[in-house]
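What follows is a short report on a single structure.
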Amino acid sequence: MKDTEIIERTQGLLGGRVLAIANPSGRRIFLTVAPGELPGVVRALRDGLGFTHLVTISGVDKGDVFEILYHFANAHACLSVRTEIPRSEPRIPTLTSIIPGAILYEREIQEMFGIVVEGIPDPRRLLISDDWPAENFPLRKDWKFTRPEETIPGGRL
Amino acid sequence: MLKRLARWSRIKSPWILHLNSGACNACDIEIVAALTPRFDLERLGVLLKATPRHADVIICTGPVTRQVKDRLIRIYEQVPDPKFVVAVGACAMSGCVYRGAYNIEGGIDQVIPVDAYVPGCPARPDAILDGVVKLLGKL
Amino acid sequence: MKVQIPIGPQHPALKEPISLRMTVDGEVITDADLRLGYNHRGVEKLAEEKTFIQNIYLTERICGICSHSHATTFVQGTERLMEIEAPKRGQYIRYLVSELERIHSHLLWLGVAGHEAGFDSFFMYTWRDREIVMDLLEMISGNRVHYAINTVGGVRRDLDDTQITKILEGMVTLRKRSEYYLMIGANEPTFTARLANVGYLSKEDAIALCAVGPTSRASDVTRDVRKDDPYGVYAEVPFEVCTSDLCDVLGRTVVRIKELLQSYNMIEFLLKNLPPGPVNVRAPRRAKPGEVVSLYEAPRGENIHYIKSNGTDKPERLKVRAPTLANYAATIKMLKKGFIADIPLIFAAIDPCICCAERTVELVDTRSGEERIVRFSDLRRAAEVRYKNVTRKGNAVWPL
Amino acid sequence: MAVIRTLLYLLVYPGLLFLFVYSTFCEWFDRKVYARLQNRMGPTHTGKWGLLQPVADFIKLMSKEDIVPDLADKRLFNALPVFGLAIVSAAAMLLPVWNFDLAVPGPTSFAGDIIVVLYMLSLPTLIFFLAGWASTSFFSTIGATRVLTMLFGYEVPLFLSVLSPALLAGSWRLAEIAHFYQQKPLLILPNLLGFVVALIAVQAKLERTPFDIPHAETEVVGGTFTEYSGKKLAFFRLMTDIEMVVSAGLLAAVFLAGFPGGALLGFANFVVKTLFIIFLLSLMRALTSRIRVDQVVSFAWKYLAPLAVLQLLIVILIKGFLS
C-alpha cells in the first residue's frame, strides 16, 4: 500500500478533522489534529487503517506551546499524529481506553513536561527518583540544572 | 601465624558481589563474561555470590543514579567486615558520557569508598581480572 | 496469607537495578508491582546540549548489549535530516555489524535464560561460543562492545579480505553450534519443563499491549521492522520473519534461535556481494530544521528515535524509546498466576535491557482495599530497620 | 586404653580431622568435575591444582565478621550450625569403614545402624528449615518452606531404595550387608534400579542442581543461608560437604558391596567408591537444569516411588527364589 493511498484513505476516514498532512519521506506521514479530536481520530485510525501499534508519544517544548506526537506503525507506514496544547493550560485526553499500551508513554510526558493527562488510570511517578522536588519538570527548555561540585575522595581538589 | 593464614585465605578466595547502579550493562556483561570458560575467574577462587552476606569484594558499575544512591549505601553496610569495592568501567569512575546529567551523582566514589578502579568503557574481562588480582595483591 | 516479596534493585537474576514487588500467596503470584527508574540518567536532556557527532557516542552508551542499534537509529535519522546518503559499501558494513550484534545479543540471552533456569552448563557453552562473535567484532571495530563504527554519512572502518574470510569461518562454526542449541533448547526435558507454558501471552494481549520484537513474534504476531519498513539494505537482503505460536518462554527461545540462523544467512549474503567503493561521505556540521522518525529492529524489538532539529548543530529534541519499555506492560500480564520460581525466567524472557528503557513504566492494578503497606525501601536484603515497620506474623519465637 | 582408642576414633580417624580433610577434598573434586564438564578449569591457583581452595574458603569465612540480624532468634540462629555439624559427623561414625569386626557388634556397628544413619541424614534437612525460619528474612522463609516441601518428595523413595538391598541381605547391620554382598557379588545386579533411585534422592537431599531449589541463586537469592555469614556459614558449608561424604559412603556400603579388605585396602576401597558416587552426583549436577518445587514432588511420587516399590518387589522375588 503506497503512502499516497494511505493519505487518501485517512482523509476519507477523518474528513474535516485533519488540519494538515505532510509526507516528508517514504513510509512517513505526519498528521496534525486538534487536541479535542484526538480519541476519535485514534479510534478511527485503529479500526479503519489497522494502526494498532502505538510506537511512542514524544513531547516537544516549543516555548509557548507543547507539541505532542503520537507515532503509530503498521505493516505499511509509520503515521505520526501531532497535536499542540498551550503551555498555560497543558491538558490532554488519555488514550489508554483505546490502546492499553499507551499508559507507558503518557506517564512519562506527564512527569517530564508537567502535562496533565485526564483520565489516566495510574498517575504515579514513573522514573524520576522519589526524592525529586515536585514542581520542576526536567525536559522543559526553561528548566536549568546546576551540577553539584565534585568531591574528589582523599581531599585532593 | 594466624594473621598470615587469614591473609592467605583472603587472597585465595575472594567472593564477589555484582552491583549495578544505573550502568549501561556493558560492564556487567563483561564481568559475567569473565566467569565463562574463556576467562574463568573461578581459577582464582572467585565465586559470584548472590547475597551481600556471603561476599567480600563488591564490583560496582555505573554512574550512581539518584534513585539507587541510598540502596548502594545500604548494601555496602550489609557486607561483612573485611570488604573491598572495585569500580569497573569509566561510568563507575567518573560518570563518563553521562557526566553533568541532572539525575546522576558522578562516579561510585562520591557515595562509597572505592579501593580499585578498572578503566575502560566497557572494561575488558581481562582488565577486570587484572583489577581483582591487583586489589588482592594490595592486601 | 499475603506475602510481599521485594525483588529489589540488586538481585542475582537481574543484571540491572529494577525493583519488583510481588504479592504472593504460597508459590503463586497474584499481582506484580514494577518500580523502575533506577537507571534513569536523563539521556534526552543531555542530548540537547551535545552536537550531532557527540550524540552518536551518547546514544551508543544508552545500552551495552544493543549499543550499535541505538547508534545506527540515531545516525540513520541524522543522515535523513541532513539529506545525505551513506555509500552502498558503508551501509553494507553498518548492517553487517548490526547482524553480528544481533547474534551476540541472542547468544547472551540464551545463556542468561539457561542461568535463570539453573542450567549453568548451557550458560557456559553459549557464552563460550559468544566469544567467537566478540572476537570478530573486535577485529572489525577494535572494541568488544560499543564498537563506535558509525559516523554521520557512513562507517569509520573498511573491511579487507582476510577479515571477510575470518568472519565466514566464524559463521560456519556458529551455525553448527546453534543447531545443537536449537536441539537442546527445544527438547532437553528438564530445561523445557521449566520453559513450557510459563509466562503466557496471547496474541490479542501482545497486540493490545504493543509488545515488540521476539516477545510479540513468539505470540504469532509477524511484526519485524526489517520487513515492514525496510531501512538501509534490508530491502535487498533475503530473509524471513521467524515466528512461533507457542506464546510462552519456550516459544521465545525457539524464535531467538531461529533468528540466529537467519542472521548467519544474512551475514553470508552481505559478505558475498559487498560492493566496492568509498565507505563514508563528508557530512555537514549543521542539520536543516525539520524532524524525522527513524525505526530500527534491535535484537529485543523495535527501536525508535524521534529527532527534531532547528538548524543549529545540536538537536532540539531527541526522543528515545527502547524495545524493553514496550514489553514491560506485557510482562506484568505474564507475571500474574506464575510461580515464584518463574519470576526470573519470565523477566529474562523479554530479555530486559533496563538501561535502554530508562523511562520504563510501573503498571499495577491498584491494590485497593488492602491496607497500604508503608513504603519501605525496595531493597531485597532484609535490612534490620525495614523489619520494624513491616507487620508480619510476629517474630520467629522458638516453639518449645 | 579403650578411652584413648575411642578418643582417637572420635577426633582423628572417622572423626572430625579426617572428615574435614576428606570432605574438603570431595568438594574440590566435585567443583573440578563440574568445571571440567563445563569446558572450564575450576579452581587451580590455590595449592597444587587448586586442592586447597575449599580450605581457603573455610578459613576466609572463619575470619570474617559475623552478622546476626536484629529480629532473628539469636540462640537458635547461633546454635544451628554447630548442631548440624555434630549430627552429620556422628552419622559418619557409623559407616562400616575399617573399624568394625564382624563378630562383635561394637558401638559403631550394631544391628539396626542403617536405620540410625538414615535418620541422622534426614535431620540436616530439619536444620536447614530452622535456619531459614530463624533468620526472618523474606527469602530465607521461602527457602525454608521449599526445603520442607521437597522433604516430602524424596524421603520415602530414598528409604525404600536404601532398605531393599538390606532386605535381600537379611540384616539391618551395615557391616553384615556389605559382607553379604562381598560373598555373593552377583546379587548386586538386581539392586541397580534401587541404586539409580537412591542417587536421585540423595541429589535431592543434598540440594544439588536439579533440586537446588531451596537456595536457588537466581530465585530466592540465598535461600536458607541468606542471612548467614562468617563462621556460621563456614560451618554450614562444611556440614553440607560432610553430608555429601556420608551419603556417598552409605550408598557405597549398601549398593557397591562395602569396603572389603584390611586396614589399608578397606580405606582405599572407601575412597574409590565414594569418589565414584560423587562423580555421578556432579555429572547429574552439570547436565540438568533446576526444576520447580511442585515438579520435584510430582516427579518423586510419579517416578521415584513406583520404581522403589518395583525394586522392593524384585528383591522379595529373588529372596523367595533363593531360599
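Each chain gets a letter, A, B and so on, in the order the sequences are listed, and its residues count up from 1. Fair warning: this is a prediction, and the values are worked out from it, not measured in the lab.
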Donor-acceptor pair, [X] side chain versus [Y] backbone, under 3.5 Å?
{"X": "C:Ser309", "Y": "C:Lys288", "result": "yes"}
{"X": "C:Thr312", "Y": "C:Lys314", "result": "yes"}
{"X": "A:Asn74", "Y": "A:Leu49", "result": "yes"}
{"X": "C:Glu79", "Y": "C:Gly153", "result": "yes"}
{"X": "C:Thr73", "Y": "C:Ser294", "result": "no"}
{"X": "C:Arg321", "Y": "A:Val55", "result": "yes"}
{"X": "C:Ser219", "Y": "C:Leu201", "result": "yes"}

For chain C, which residues of [range] have at least one non-hydrogen atom nearer than 4.5 Å to it?
{"range": "residues 63-73 of chain A", "result": "A:Glu67, A:Leu69, A:His71, A:Ala73"}
{"range": "residues 41-48 of chain A", "result": "none"}
{"range": "residues 91-99 of chain A", "result": "A:Ile99"}

- Which region of C:Glu48, side chain (C-beta onward) or backbone (N, CA, C, O), has a non-hydrogen atom less than 4.5 Å from a non-hydrogen atom of chain A, or is it both or neither? side chain

- Cut-off 4.5 Å, heavy atoms of chain A, and the answer for C:Val212 is side chain

Can you tell me how far the [atom1] atom of [X] sits from the [atom2] atom of [Y], to the nearest 0.5 Å?
{"X": "A:Leu19", "Y": "A:Glu84", "atom1": "CG", "atom2": "CD", "result": "9.5 Å"}
{"X": "C:Ser202", "Y": "C:Ile207", "atom1": "OG", "atom2": "CD1", "result": "9.0 Å"}
{"X": "C:Leu318", "Y": "C:Phe52", "atom1": "CG", "atom2": "CZ", "result": "9.0 Å"}
{"X": "A:Leu79", "Y": "A:Ile6", "atom1": "CG", "atom2": "CD1", "result": "8.0 Å"}
{"X": "C:Thr72", "Y": "C:Gln91", "atom1": "OG1", "atom2": "CD", "result": "11.0 Å"}
{"X": "A:Arg9", "Y": "A:Ile7", "atom1": "CZ", "atom2": "CD1", "result": "13.0 Å"}

- Any ion pair linking A:Arg82 and C:Glu291 (charged N to carboxylate O, less than 4.0 Å)? yes

- Query: Less than 4.0 Å between a side-chain N and a carboxylate O, is that true for C:Arg223 and C:Glu302?
  - Reply: no

- Task: Can you tell which part of A:Ser80 gets under 4.5 Å to a heavy atom of chain C, answering side chain, backbone, both or neither?
- Result: side chain

- Task: Go through the atoms of A:Ser58 and report whether side chain, backbone, both or neither lie under 4.5 Å from a heavy atom of chain C.
- Result: both

- Using a cut-off of under 4.5 Å on heavy-atom pairs, state which of A:Ala77, A:Ala102, A:Gly59 scores highest against chain C. A:Gly59

- In terms of heavy-atom pairs under 4.5 Å with chain A, the winner among C:Arg317, C:Lys227, C:Lys308 is C:Arg317

- Query: Quick one: ring-ring contact (aromatic ring centres under 6.0 Å, His included) pairs with a partner in residues 212-235 of chain C, sequence neighbours left out?
  - Reply: C:Tyr95-C:Tyr231, C:Tyr95-C:Tyr234, C:Tyr231-C:Tyr234, C:Tyr231-C:Tyr296

